[in-house]
Every structure is written in structure tokens, then in C-alpha cells.
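Heads up: the structure comes next, in C-alpha cells.
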Amino acid sequence: MSSNIEVKRICQHCSKEFTARTTVTKYCSDKCSKAAYKARKRAEKVNRSNTETTRIKQQPIEDIKAKDYLNVNEVCKLIGISRRTVYRLIEQGDIKKIKIGSRTLIKRSALNRLLENKETRKPEIPEQQKQDLNDWKQAGNFDINDCYTLIEVQQKYNISESAVQQIIKRNNIPKIKKGWYAYVPKTIIDSLLT
């Protein structure tokens with residue numbers, strides 16, 4: 001639809017200002033119009049190619065998800081863990097395996113149960129750590145700032161590591177392990193060794 005009006009517009013391809021004869025004109029010339037069309041078609045091809053590549057990459061995962069029984073390699077791909085980890089889970093009894101000849105297969109439903117349990121299960125505190133925490137509570141819940149590390153006790157009182165361990169054991173001094181260090185209350189150690 002053309003008319004005698006003149007509208008100032010900006011070309012959507014080259015960004016130059018031009019005078020348009022209609023209100024819907026987007027490009028300043030036929031050359032810009034064709035270049036924009038080619039750029040649009042090129043972008044569509046690139047998007048189509050990227051979508052196809054993504055689909056091809058994900059196809060093996062979709063095929064694996066559809067299977068009822070998986071081999072070890074498929075479990076590795078599906079979860080993103082190593083073969084050794086899969087065998088470790090089998091050895092621990094977390095996953096039940098099915099042996100057919102020399103092949104090891106894992107039921108998909110058992111794998112799903114394992115993953116659901118791992119998400120809901122809280123990490124267990126080892127028995128020794130529970131005992132240490134219990135001793136720590138009985139000793140009055142000392143703050144870490146009110147405690148010595150075993151190395152600090154050795155250096156302050158100039159005694160050996162085995163002597164420190166014997167004193168702790170003999171007097172039932174509560175000891176808590178945090179990270180790399182074991183801590184003992186300053187007040188108890190100072191009262192025993194001074």
C-alpha cells in the first residue's frame with residue numbers, strides 16, 4: 001500500500017535513516033531487504049542444525065531411559081558416574097545385579113529406587129563420632145576457642161604425642177574431632193598439667 005506520505009525510518013539491516021513511502025517499510029533498499037532475508041534464512045538453518053545436533057546427542061540417553069535393564073556402561077552414561085562407582089554400589093548391595101553369562105545387567109527400577117533413597121536419606125553419623133559428641137556434651141559443650149588442639153598441648157607442656165593420648169585416655173577427657181584436628185578443653189588440660 002503506497003501513498004504520498006514520507007516517513008522517516010531506520011533500516012533494520014544497515015541501521016541507516018531513510019525516507020519510507022509506507023508505514024510498514026523495514027529496509028532502505030532492495031539490497032538490504034535481500035541481505036536481511038538471507039541472514040534470517042541462515043539463522044533458521046543454524047537453529048535447525050543446532051536442534052538436530054542436540055537431539056542426536058540426547059538420543060542415546062532417551063534410548064537408555066526407555067530400557068528396563070541396563071548394562072554397566074549405560075548406567076554410567078545415565079547417572080554420570082564411573083564404572084568403578086557402579087561396581088562399588090553393587091558390592092555394597094545398594095544395587096542388585098543380574099548376571100547373564102558374562103554380562104552384568106541392572107534393573108532400571110532398582111536404579112530409580114537407589115536414586116530416590118539417596119535424595120531422601122540423611123547422612124549417617126559414624127558411631128565413633130556419635131560417642132565423641134556425647135562425651136563433648138557431658139563435658140559441658142566447650143567452645144572451640146576454649147580448647148587446645150593436641151599439637152598445642154604438646155607444644156605448651158613440652159610432652160610427646162603418646163603422653164597426651166595417655167593423659168586423655170586415663171582421665172577420660174572429652175575429645176572432639178573437627179576436620180584435621182582433635183580438640184580438648186583448656187580448663188581440664190590446664191588443671192591436670194599445671
Side-chain angles (χ1 to χ4, degrees), residues 53-54 57-194:
T53 302
T54 304
K57 277 182 169 178
Q58 291 179 351
Q59 186 62 38
I61 298 294
E62 296 303 320
D63 291 344
I64 290 171
K65 286 181 180 178
K67 290 183 176 181
D68 288 334
Y69 292 93
L70 308 172
N71 64 30
V72 175
N73 287 334
E74 291 169 338
V75 171
C76 294
K77 283 180 189 174
L78 188 62
I79 304 178
I81 57 176
S82 69
R83 289 174 58 87
R84 182 64 201 125
T85 303
V86 173
Y87 284 114
R88 194 176 306 116
L89 289 170
I90 291 170
E91 290 166 6
Q92 292 171 350
D94 292 337
I95 299 177
K96 299 233 184 304
K97 68 177 179 177
I98 300 166
K99 201 78 167 156
I100 298 177
S102 63
R103 297 192 66 195
T104 301
L105 297 178
I106 297 164
K107 199 169 185 179
R108 177 91 166 91
S109 58
L111 191 60
N112 289 342
R113 268 193 309 263
L114 172 74
L115 294 175
E116 288 168 5
N117 288 342
K118 290 286 183 189
E119 289 174 1
T120 58
R121 190 177 2 170
K122 293 180 182 174
E124 291 185 25
I125 300 173
E127 287 300 319
Q128 182 61 43
Q129 195 171 4
K130 284 181 187 174
Q131 181 62 39
D132 290 345
L133 288 169
N134 190 28
D135 293 346
W136 199 250
K137 286 178 184 169
Q138 290 174 355
N141 260 348
F142 292 93
D143 187 35
I144 292 295
N145 296 329
D146 300 330
C147 298
Y148 291 124
T149 64
L150 299 185
I151 296 168
E152 289 173 338
V153 174
Q154 287 176 264
Q155 292 171 348
K156 183 172 183 179
Y157 294 104
N158 198 22
I159 56 177
S160 69
E161 182 182 350
S162 60
V164 172
Q165 294 291 348
Q166 287 176 357
I167 290 168
I168 291 169
K169 189 173 183 179
R170 200 175 318 128
N171 296 298
N172 289 327
I173 298 172
K175 176 175 73 168
I176 189 75
K177 194 153 173 76
K178 286 204 175 224
W180 290 93
Y181 300 103
Y183 293 91
V184 290
K186 287 181 181 179
T187 53
I188 298 172
I189 293 293
D190 290 340
S191 65
L192 284 172
L193 297 177
T194 51

Please walk me through it: do Lys97 and Leu105 pass side-chain contact (heavy atoms from CB on, under 4.5 Å)?
CA-CA 6 Å; Lys97 68 177 179 177; Leu105 297 178; over 6 Å; no
Start with the C-alpha distance between Arg84 and Glu91, add both sets of side-chain angles, then the distance that settles salt bridge (Lys or Arg N to Asp or Glu O under 4.0 Å), and finish with yes or no.
CA-CA 10 Å; Arg84 182 64 201 125; Glu91 290 166 6; 3.3 Å; yes
Could you walk me through whether Ile79 and Thr85 pass side-chain contact (heavy atoms from CB on, under 4.5 Å), step by step?
CA-CA 11 Å; Ile79 304 178; Thr85 303; over 6 Å; no
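No side-chain heavy atom of Val75 sits less than 4.5 Å from a side-chain heavy atom of Leu89. Using a 4.5 Å heavy-atom cutoff, the side chains of Val164 and Tyr157 are not in contact. For the pair Gln165/Lys175, a side-chain contact is recorded, criterion being any heavy-atom separation below 4.5 Å from C-beta on. Contact annotation: the side chain of Tyr69 never approaches that of Arg108 to less than 4.5 Å [non-hydrogen atoms, C-beta and beyond]. Asn171 is not listed as a side-chain neighbour of Ile188, based on a closest heavy-atom distance of 4.5 Å or more. Contact of the Ile167 side chain with the Leu193 side chain is registered, since non-hydrogen atoms from C-beta on lie closer than 4.5 Å. With a 4.5 Å cut-off on side-chain heavy atoms, Ile90 and Thr104 count as touching.
Between Ile159 and Ala163, the closest heavy-atom pair is CB-CB, 4.2 Å. In terms of heavy atoms, Pro185 sits closest to Ile173 at CD-CG2, 4.1 Å. Annotation for Gln154 and Glu161: closest pair NE2-N, 3.2 Å, computed over non-hydrogen atoms.
With rounding to the nearest 0.5 Å, the separation of CZ in Arg88 from CD1 in Ile95 is 11.5 Å. The distance from atom NZ of Lys65 to atom CG of Leu70, rounded to the nearest 0.5 Å, is 12.0 Å. Summarising the geometry, atom SG belonging to Cys147 is positioned 15.0 Å from atom OH belonging to Tyr181; distances are rounded to the nearest 0.5 Å. Between Leu78 atom CG and Leu115 atom CG the span is 8.0 Å, to the nearest 0.5 Å. Within the model, atoms CG of Leu150 and CD1 of Ile189 stand 8.0 Å from one another, a figure rounded to the nearest 0.5 Å. With values rounded to the nearest 0.5 angstrom, Thr149 atom OG1 is found 5.5 Å from Ile151 atom CD1.
Lys156 has a carboxylate O that lies under 4.0 Å from a charged side-chain N of Asp190, or vice versa, which qualifies the two as a salt bridge.
For Asn112, the CG atom counts as densely surrounded, since its 6.0 Å shell holds more than 12 non-hydrogen atoms of other residues, nucleotides or ligands. When the shell of 6.0 Å around NZ of Lys99 is examined, it contains more than 12 heavy atoms from other residues, nucleotides or ligands.
Of the possible polar contacts, one joining the Ser191 side chain to the Thr187 backbone as a donor-acceptor pair under 3.5 Å is found. A donor-acceptor contact shorter than 3.5 Å links the side chain of Glu74 to the backbone of Asn71.
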